[in-house]
Amino acid sequence: MNILAIGVMSGTSLDGIDIALCHFSNTGAKWSYEIVEAQTFNYEISWADKLKMAPALTPEAFMLLHNEYGRYTGELINGFLQGKEIPRIIASHGHTIFHQPERKLTFQIGNGASIAAKTGITTVSDFRTYDLALGGQGAPLVPVGDQLLFPEFDYCLNIGGFANISFESKGQRIASDISPANIVLNELAQQKGQPFDRDGQLGSAGSVDQLLLHQLNKLDFYQKKWPKSLGREWVDHQIMPLLSESGLSVEDQAATFYEHIACEISAATGLSGQLLVTGGGAKNLFLIEKLRQKCTCNIVLPDEKLIDFKEALIFAFLGVLSFTRQVNILSSITGSSRDHIGGIVHLV
């Protein structure tokens, strides 16, 4: 099998839309991949504001935005593809607005039908809702790609809005969200007039507060068994009030939260092995240094293209699996009642 596909990803940190044109091949024994070309399209302030305010919209306005965001995504893809080979499929994660798996509720805005109509390319979207219907968390979805595309690593860690990890345990792939990451760090940085905490400058200027650290580490989520997943709602109700009510400077809040992230990631890894780290957090020098201090396994930082676009790459891969009717969601990862094929295919 040889297939060209586009993966589209928008993370909770609202920095922009990642689009990756990827080639996949399978000789029957192993999958291989190439990120042919990739680009991040930063959100204009108007779009970032629309996505932030989406949870408060009326049902009618929300569905109109769902369609508008799909058309917007399609327009970006059309511009990105100028002068390039046209892929067979597009796989779009969309932008998560709601994620409450305990209520069987998840919604990733960006209508796949609108993307397909705008681009004229078969589009796979809505990867999570079927998993929730089957009793799963609907997340994380990337670990199937970790298993099939990166088998040489003992652990695959992505640090974006949330940190999540996957690895093999007792002959099966398991995975989970570990803790919030950039979704919190960005908000703290924005309180100081910066879009994000470049290289951890804010955190490195503060001191760890042991009381706040203890409160964070003892939150109920961290005591739950795997699989489990996180959403912005949990951060807004559990994390941000603890930080704001601590009475600490923003620098000390950031330093303490960096320590918290490192503690939770360290607790999720073993004593040895290769740990692949990708996502925006992999570029945060202060956070990586914290991880090196806490984790005993070998931390591997790949090339910048893979750091930036691994999730878009894997969603392209999930779309390929869905389009070719192969399992792309494992019950051992999400907790659903069975392995299955996730994603709605809009044929063109």
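Numbers here simply count residues along the sequence, with the first being 1.
In Met63, the CE atom is crowded: over 12 heavy atoms of neighbouring residues, nucleotides or ligands sit closer than 6.0 Å. Other residues, nucleotides and ligands contribute only 12 or fewer heavy atoms inside 6.0 Å of the CG atom of Asp220. Environment of CD in Gln293: crowded, with over 12 heavy atoms of neighbouring residues, nucleotides or ligands closer than 6.0 Å. Residue Glu304 qualifies as open at atom CD: its count of foreign heavy atoms under 6.0 Å is 12 or below. For Glu102, the CD atom sits in a packed shell: over 12 heavy atoms of surrounding residues, nucleotides or ligands are nearer than 6.0 Å. Surrounding NZ of Lys52 are at most 12 heavy atoms belonging to other residues, nucleotides or ligands under 6.0 Å away.
Linking Ile, Leu, Val, Met, Phe, Trp and Tyr whenever their side-chain heavy atoms come within less than 4.5 Å puts Ile288 and Tyr258 in one cluster. Note on Ile19: it clusters hydrophobically with Val36, by side-chain heavy-atom contacts below 4.5 Å among ILVMFWY residues. Ile115 is not connected to Leu318 by any chain of hydrophobic side-chain contacts under 4.5 Å among Ile, Leu, Val, Met, Phe, Trp and Tyr, and they are in different clusters. When the side chains of ILVMFWY residues are joined at heavy-atom separations under 4.5 Å, either directly or via intervening members, Val250 and Leu213 end up in two distinct hydrophobic clusters. A chain of hydrophobic side-chain contacts below 4.5 Å, direct or via other Ile, Leu, Val, Met, Phe, Trp or Tyr residues, connects Val144 to Phe309.
A donor-acceptor distance shorter than 3.5 angstrom exists from the side chain of Tyr155 to the backbone of Gly270, with no hydrogens or angles considered. Panel note: side chain Asp177, backbone Leu230; a donor-acceptor pair is recorded below 3.5 Å. Looking at Glu37, its side chain never comes within 3.5 Å of a backbone N or O of Leu21 through a donor-acceptor pair. Checked by atom type and distance alone, the side chain of Thr123 pairs as donor or acceptor with a backbone atom of Ile121 at under 3.5 Å. For Asn111 (side chain) and His66 (main-chain N/O), no donor-acceptor pair under 3.5 Å exists by modelled atom type. The backbone N or O of Phe286 sits less than 3.5 Å from a side-chain atom of Asn284, completing a donor-acceptor pair. A donor-acceptor pair is defined here as one N or O able to donate and one able to accept, closer than 3.5 Å; such a pair exists between the side chain of His99 and the backbone of Gln137. In this structure, the side chain of Asn26 does not engage the main chain of Met1 through any donor-acceptor pair within 3.5 Å. Using a distance-only test at 3.5 Å, with no hydrogens or angles considered, no donor-acceptor pair links the side chain of Ser266 to the main chain of Ala262. Formation of a donor-acceptor pair under 3.5 Å by the Thr122 side chain with backbone atoms of Val348 is found in this model.
A salt bridge links Asp308 with Lys283; the closest basic N to acidic carboxylate O contact falls under 4.0 Å. Salt bridge present: Asp146 and Lys310 bring a charged side-chain N and a carboxylate O closer than 4.0 Å.
In this structure the side chain of Ile265 never reaches within 4.5 angstrom of the side chain of Lys294, judged on heavy atoms. At a threshold of 4.5 Å between non-hydrogen side-chain atoms, the residues Ile165 and Trp226 count as touching. Within the 4.5 Å cutoff, no side-chain heavy atoms of Trp47 are placed close to those of Phe41. In this structure, Leu149 and Phe24 have side chains that are in contact, with non-hydrogen atoms separated by less than 4.5 Å. You'll find the side chain of Ile178 reaches within 4.5 Å of the side chain of Leu157, heavy atoms only. Between Asp15 and Phe196, the closest side-chain pair of non-hydrogen atoms is not below 4.5 Å. Proximity of Leu330 to Gln147: side-chain heavy atoms (C-beta onward) are separated by under 4.5 Å at one or more points. Residues Ile333 and Pro227 have side chains not in contact (no heavy-atom distance under 4.5 Å, counting atoms from C-beta outward).
When all heavy atoms are compared, the tightest approach of Leu51 to Ile97 is O-CD1, 3.9 Å. Closest approach of Tyr43 to Ser10, counting heavy atoms only: OH-OG, 2.6 Å. Taking every heavy atom of both residues into account, Leu287 and Gly281 meet most closely at CD2-O, 4.0 Å. Residue Thr119 comes nearest to Gly74 through the heavy atom pair CG2-O, 3.6 Å, listed as atom of the first residue, atom of the second, then distance. Here the closest heavy-atom approach between residue Ile261 and residue Pro180 is recorded as CG1-O, 3.6 Å. When all heavy atoms are compared, the tightest approach of Arg103 to Gln100 is NH1-OE1, 2.7 Å.
Note that NE2 of His346 is 8.5 Å distant from OG of Ser114, once rounded to the nearest 0.5 Å. To the nearest 0.5 Å, atoms OH (Tyr222) and CG (Asn217) are separated by 7.5 Å. A distance of 12.5 Å separates CD1 in Ile109 from NE2 in His93, rounded to the nearest 0.5 Å. Atom-to-atom distance recorded for Phe127:CZ and Ser322:OG is 6.0 Å, nearest 0.5 angstrom. Taken to the nearest 0.5 Å, the CH2 atom of Trp31 stands 8.0 Å off from the OG atom of Ser25.
Side-chain atoms of Ser125 and Ser92 form no donor-acceptor pair, as typed in the model, at a separation below 3.5 Å. Side-chain atoms of Asn158 and Asn164 include no donor-acceptor pair closer than 3.5 Å. No side-chain donor from either of Thr256 and Asp209 sits under 3.5 Å from a side-chain acceptor of the other. Between the side chains of Glu60 and Thr58, no donor N or O sits under 3.5 Å from an acceptor N or O. Glu264 and Ser179 share no side-chain donor-acceptor pair at under 3.5 Å. Donor-acceptor pairing under 3.5 Å is recorded for the side chains of Arg173 and Ser166. Side chains of Gln274 and Asn298: a donor on one and an acceptor on the other come within 3.5 Å. Between the side chains of Thr106 and Gln108, at least one donor N or O sits under 3.5 Å from an acceptor N or O. Counted by atom type alone, Asp18 and Thr40 present one or more donor-acceptor pairs between their side chains at under 3.5 Å. Side-chain atoms of Ser336 and Tyr130 form no donor-acceptor pair, as typed in the model, at a separation below 3.5 Å.
Ring orientation note: the planes of Phe62 and Phe98 are tilted relative to one another, at an angle of 30° to 60°.
Taking the six-membered ring for Trp, Phe317 and Tyr33 have ring centres at least 6.0 Å apart.
In this structure, Lys50 forms no cation-pi arrangement with Tyr72, as its terminal cationic atom is not both closer than 6.0 Å to the ring centre and no more than 45° off the ring axis.
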